[in-house]
Amino acid sequence: MYKKGLLIILSGPSGVGKGTVRNELIKDGSLNLYYSISMTTRKMRPGEVNGREYYFVSESEFKKNINSGNLLEYAKFVGNYYGTPKDKVEAMRLEGKNVLLEIEVSGTLQVLGKYSEDPGVVSIFLKPPSFADLIARIKNRSTEPDEIIQERMEKARSELECGHYYQYVVVNDTVDRAAGEVAAIISKRIEQAQ
Ligand code: 5GP
């Protein structure tokens with residue numbers, strides 16, 4: 001019998017550790033999980049590779065993609081655009097793959113609006129153990145200028161209040177535990193979709 005893959009949204013404030021949890025999840029072959037690489041106008045950070053973390057594009061190229069309807073959702077986040085290429089997500093789901101989007105809150109709301117009738121959508125909000133913990137993480141990992149860090153912290157404070165939009169809220173206290181809880185949620189939803 002044909003089965004479409006799940007569309008899994010892993011979201012939460014910037015700096016909460018979505019990327020680290022995502023890397024753990026992708027390693028778990030039983031989840032049949034494929035990461036959707038977003039498009040962004042943000043500058044590449046040291047160690048990032050075009051086509052691996054993101055497709056890094058100019059603002060005019062990003063706007064072309066908006067105008068031609070190529071993006072499933074997009075948002076402007078602290079001065080840069082981020083968006084999910086639509087065709088790839090759909091193609092993967094049609095192949096039966098479970099697709100993971102790692103996106104911020106306003107993009108999530110767009111996806112939830114568009115797919116409100118789709119039982120294959122799973123939305124998960126990753127939350128820090130405390131606001132202080134989140135601030136420490138943003139400061140520690142950032143390679144960006146102070147004013148951008150400040151803006152990211154302000155944004156994170158408002159995003160922290162958005163857990164109620166999601167089907168599941170998971171505290172990222174330790175990566176292993178949080179990734180385990182998210183994996184259990186996904187496994188349960190895979191089972192329910194059988
Ligand atoms: P960063 O610059 O730290 O890589 O990402 C900033 C924020 O943008 C993070 O919260 C990240 O999850 C989010 N983000 C990454 N890709 C997308 C996307 O395609 N769409 C939306 N709406 N947010 C994204």
Side-chain angles (χ1 to χ4, degrees), residues 7-26 34-59 61-66 69-90 92 99-115 121-128 131 134-163 165-166 169-170 172 175 178-179 182:
L7 180 60
I8 300 152
I9 304 170
L10 183 65
S11 189
S14 165
V16 73
K18 299 185 287 267
T20 326
V21 169
R22 179 237 302 169
N23 287 337
E24 286 305 305
L25 295 170
I26 297 285
Y34 291 79
Y35 178 54
S36 158
I37 301 167
S38 295
M39 193 177 283
T40 186
T41 61
R42 159 164 89 55
K43 284 207 186 79
M44 220 187 276
R45 292 182 186 140
E48 289 184 328
V49 175
N50 190 20
R52 189 180 66 188
E53 279 78 14
Y54 287 106
Y55 298 108
F56 294 93
V57 298
S58 65
E59 194 160 317
E61 200 172 331
F62 195 98
K63 286 186 172 158
K64 264 189 225 156
N65 278 278
I66 299 176
N70 289 344
L71 300 176
L72 181 59
E73 60 72 37
Y74 71 93
K76 199 164 189 185
F77 182 93
V78 189
N80 291 300
Y81 286 100
Y82 297 82
T84 303
K86 187 162 71 183
D87 294 356
K88 290 183 185 160
V89 170
E90 270 309 302
M92 286 194 281
V99 179
L100 183 71
L101 306 186
E102 187 205 305
I103 60 177
E104 49 72 77
V105 176
S106 74
T108 303
L109 297 181
Q110 295 167 44
V111 177
L112 296 181
K114 281 188 189 163
Y115 288 79
V121 174
V122 182
S123 59
I124 303 165
F125 187 80
L126 206 57
K127 199 175 119 164
F131 185 62
L134 184 64
I135 292 301
R137 289 194 211 202
I138 293 175
K139 282 186 179 159
N140 279 342
R141 67 138 198 203
S142 188
T143 53
E144 282 145 330
D146 282 353
E147 65 270 20
I148 301 282
I149 296 178
Q150 194 59 39
E151 275 187 65
R152 279 183 178 259
M153 288 194 291
E154 279 159 25
K155 184 85 180 166
R157 187 193 288 278
S158 62
E159 285 183 318
L160 253 189
E161 307 303 320
C162 296
Y165 292 121
Y166 295 76
V169 175
V170 172
N172 189 16
V175 175
V182 174

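Residues: numbered from 1 along the sequence shown. Read the numbers this way: they start at 1 and go in the same order the structure lists the ligands and their atoms.
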| task | Assess whether side-chain contact (heavy atoms from CB on, under 4.5 Å) is satisfied between L112 and I9, documenting all intermediate values. | result | CA-CA 9 Å; L112 296 181; I9 304 170; 4.0 Å; yes

| task | Step by step, work out the side-chain contact (heavy atoms from CB on, under 4.5 Å) result for E53 and R42. | result | CA-CA 11 Å; E53 279 78 14; R42 159 164 89 55; 6.0 Å; no

| query | Given the rule in the salt bridge (charged side-chain N to carboxylate O under 4.0 Å, His left out) test, do K18 and E102 qualify, once you have shown the distances and angles that lead to the verdict? | reply | CA-CA 7 Å; K18 299 185 287 267; E102 187 205 305; 5.2 Å; no

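Heavy atoms of R42 found under 4.0 angstrom from ligand 1 belong exclusively to the side chain. Residue contacts with ligand 1, taken as heavy atom pairs separated by less than 4.0 Å, involve R152 solely via side-chain atoms from C-beta onward. Proximity of Y82 to ligand 1, defined as any heavy-atom pair under 4.0 Å, is shared by backbone and side chain alike. Counting heavy atoms under 4.0 Å from ligand 1, residue E73 touches it through the side chain alone. With a 4.0 Å cut-off on non-hydrogen atoms, E159 does not touch ligand 1 at all.
The aromatic rings of Y74 and Y81 sit tilted relative to each other, their planes meeting at an angle between 30° and 60°.
The atoms of ligand 1 that sit less than 4.0 Å from any heavy atom of F77 are 6 (C), 7 (C). Interface atoms of ligand 1 facing A75, defined by a heavy-atom separation under 4.0 Å, are 22 (N).
Scanning all protein heavy atoms for the shortest distance to atom 12 (O) of ligand 1 gives K18 CE, 3.0 Å. Ranking protein heavy atoms by distance to atom 15 (C) of ligand 1, first place goes to Y54 OH, 3.2 Å. Counting protein heavy atoms only, atom 16 (N) of ligand 1 is closest to S38 OG, 3.2 Å.
Residue contacts with ligand 1 do not include Q110, since none of its heavy atoms lies under 4.0 Å from the ligand.
Of the listed residues (V122, V111, L100), just one forms a side-chain contact (heavy atoms from CB on, under 4.5 Å) with L7, and that residue is V111. A side-chain contact (heavy atoms from CB on, under 4.5 Å) with K127 is found for exactly one of L134, V170, V169, V16, namely V169.
When the heavy atoms of E104, M39, R22, R45 are ranked by distance to atom 23 (N) of ligand 1, first place goes to E104.
A side-chain donor-acceptor contact under 3.5 Å links T108 and Y166.
Although no hydrogens or angles enter the test, the distance criterion places no donor-acceptor pair under 3.5 Å between the side chain of Q110 and the main chain of G113.
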